[in-house]
Amino acid sequence: MITINEHYLKLQASYLFSDIAKRVATFQEKNPDKEIIRLGIGDVTRALPAACVKALHAAVDELADESSFHGYGPEQGYAFLREAIAANDFQARGADIGADEIFVSDGAKCDTGNIQELFTTEVRVAIPDPVYPVYLDTNVMAGRTGTFSDGRYQGITYLDSVRENNFVPSLPSEPVDLIYLCFPNNPTGSTATREQLQSWVDYAREHKALILFDAAYESFIRDESLPKSIYEMDGAKEVAIEFRSFSKNAGFTGTRCAYTVVPKECTAYDSKGNRQALHPLWNRRHCTKFNGVSYPIQKAAEAVYSPEGKAQVRELTDYYLRNAAHIKAEIGKLGFTSVGGDNSPYIWIDGQGRDSWQFFDLLLDKAGVVCTPGAGFGKCGQGYIRLSAFNSYDNVVSAMQRISAAIS
Ligand code: MLT
């Protein structure tokens, strides 16, 4: 008899963004003439940078000719991309990361979801609340939690990110082994200072823990005093794995390219208490289960680091940050408090006593604007909504006019 992994039965309903997409589709069916503006899922809307498109075309042409054709590439990614990443994203900021510590992949979502395979079911997991649902759901699937009750899974240490701590969680009061952090944060848009991030690294070193650091939104940081990579912190290479993506900076949500950094010094422990390097384990997993990102997409990603690519990516992220500033200003005029939006494409809005999903319904029904209900990101998200800056400026202006009319 074939039996199922019953941990899947503990999961709550469907994946948040699929759930929202269904609700929006139902609304559109009932209101076919209503033009919906989507500020929900963080999906980019602007075209790929010209430098990337040029590189993509040239790479496709190479594939059209037998003399320059590429079949399977290295699972870890082509050296040209890994070297560009190491030099530009890390070494240029004083973080000593080598090209061979970088694993190119098709998404930070997949990597943050898959990485937990390297650890035993028994590790104690600390997850912020609110949180990008992938971190939590993949640990539920793996059997690291008990059942769901009162908005939380038993067995998880939740790190509350609330107004009182400026949406940056404090160190846990109970021992934990695996810690998920994301800055600039999805969903709250909050950022962590050097001191705050260093305190997490120090905690991990002291407690033999490991940090999974999701930096998918680092390109939106404009405050030079804020760290972009956890490897800017002393001692982080031993205790942290970092995830990055080309989705939000260069618009690769549809083309798919990301990477994960597993430093060679980074270790976890075997059952005898001996340190084991994680790099060879992730390498083994990657080679076994992943066939690499296509050559043209890696060439397009490499172009992000060319002088023109850098300028175009800056222009793209500036564009979305202008949207974010407009959302933040307009929502403030309506009397709502918010966090994020200045070094992040997300604005986390306090609904002033409104239930998250009711607020979502209100904006959809009355304004035709899609947001993401904060409660979908965890118990501490109840009462909040998230607006994303990923849309055209005109649509953002129009959405805020509609929201203003709906609220007042
Ligand atoms: C979000 O809206 O939170 C993101 O788009 C999710 C993702 O990048 O997978």
Side-chain angles (χ1 to χ4, degrees), residues 12-24 36-46 105-116 127-139 141 161 167 180-191 212-220 242-260 293 301 316-317 320-321 323-324 327 338-341 343-349 356-357 360 363-364 369-378 380-381 384-391 395-396 399:
Q12 295 311 291
S14 56
Y15 181 60
L16 174 63
F17 293 108
S18 320
D19 199 13
I20 292 170
K22 268 189 226 137
R23 283 181 185 233
V24 175
I36 295 174
I37 301 179
R38 291 163 205 275
L39 303 181
I41 191 166
D43 192 6
V44 294
T45 58
R46 299 197 74 211
S105 79
D106 61 350
K109 176 181 182 178
C110 321
D111 286 354
T112 52
N114 290 327
I115 195 84
Q116 47 77 32
I127 290 187
D129 180 354
V131 74
Y132 178 46
V134 174
Y135 315 155
L136 184 58
D137 286 1
T138 52
N139 277 290
M141 291 169 178
S161 306
F167 303 93
Y180 288 79
L181 294 177
C182 171
F183 291 109
N185 187 257
N186 179 14
T188 67
S190 62
T191 49
L212 301 178
F213 187 72
D214 186 347
Y217 299 93
E218 58 74 32
S219 62
F220 293 89
E242 182 164 308
F243 304 89
R244 294 268 189 117
S245 169
F246 293 96
S247 284
K248 318 290 162 130
N249 59 347
F252 277 51
T253 55
T255 34
R256 312 304 311 152
C257 196
Y259 66 88
T260 290
V293 173
L316 263 183
T317 47
Y320 292 125
L321 283 169
N323 289 353
I327 293 172
S338 69
V339 62
N343 291 288
S344 147
Y346 295 127
I347 301 97
W348 186 245
I349 299 159
S356 286
W357 281 101
F360 170 89
L363 295 190
L364 185 57
V369 173
V370 182
C371 68
T372 309
F377 295 108
C380 293
Y384 289 83
I385 57 159
R386 189 194 75 178
L387 286 178
S388 143
F390 294 116
N391 211 311
N395 276 347
V396 165

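We count ligands from 1, going down the list as the structure has it; atoms in each ligand are counted the same way. Along the sequence shown, residues carry numbers from 1.
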Can you confirm whether the side chains of [X] and [Y] place a donor and an acceptor under 3.5 Å from each other?
X: Asn249; Y: Arg244; answer: no
X: Asn139; Y: Tyr180; answer: yes
X: Thr260; Y: Asp111; answer: yes
X: Asn343; Y: Tyr217; answer: no

Quiz item: Using 30° and 60° as the class limits, which term best fits the ring planes of Phe246 and Phe252: parallel, tilted or perpendicular?
Solution: tilted
Quiz item: With under 30° as parallel and over 60° as perpendicular, where do the rings of Tyr346 and Phe390 fit, or are they tilted in between?
Solution: perpendicular
Self-check item: Every residue of the protein that comes under 4.0 Å of ligand 1, judged on heavy atoms
Solution: Phe17, Ile41, Gly42, Tyr132, Asn186, Tyr217, Lys248, Tyr346, Arg386
